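Presented below is the structure to which this report refers.
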Amino acid sequence: MSADLAAILAAVAMVGIGLAGLTVALWRDVRADIRELRASIDADRVAHEALHAAERQDRANKARKLRAAVAAIRDAAS
């Protein structure tokens, strides 16, 4: 094998190793982004569920007050 061919093969190997390292680094970033996105989605879901729970509680409180007012009116009418 000539020296030129050995140098070319060494350069190709170095480029291949560099690209493999770059690919691994990019996949790590992508996985980190995916984890971050999932955490954000989970936080949004929890906030959304909390909002619905608060709305349900508010409706229940209003219904309770309305029933109490109707009962008071019925008692006053009796």
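If you're wondering where the values come from, they're calculated on a predicted model, not measured in any experiment.
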For Ile17, the other hydrophobic cluster members (4.5 Å side-chain criterion, sorted by chain and number) are none
Which ring pair (Phe, Tyr, Trp, His ring centres under 6.0 Å) pairs, counting each pair once, include a residue from residues 55-78, with sequence neighbours left out?
-> none
Pairwise salt bridge (Lys or Arg N to Asp or Glu O under 4.0 Å) hits with a residue in residues 60-78, at least two apart = Asp58-Lys62
Throw together a table of side-chain donor-acceptor distances under 3.5 angstrom for residues 25-41, partners on residues two or more places apart or in other chains.
none

In the hydrophobic cluster built from side-chain contacts under 4.5 Å, what are the other members alongside Val12?
-> Ile8
Pair up each side-chain donor or acceptor in residues 44-57 with any protein partner under 3.5 Å, not counting sequence neighbours, and list the distances.
unit_1: Arg45; atom_1: NH1; unit_2: Asp42; atom_2: OD1; d: 3.0
unit_1: His48; atom_1: NE2; unit_2: His52; atom_2: NE2; d: 2.9
unit_1: Gln57; atom_1: NE2; unit_2: Asn61; atom_2: OD1; d: 3.2

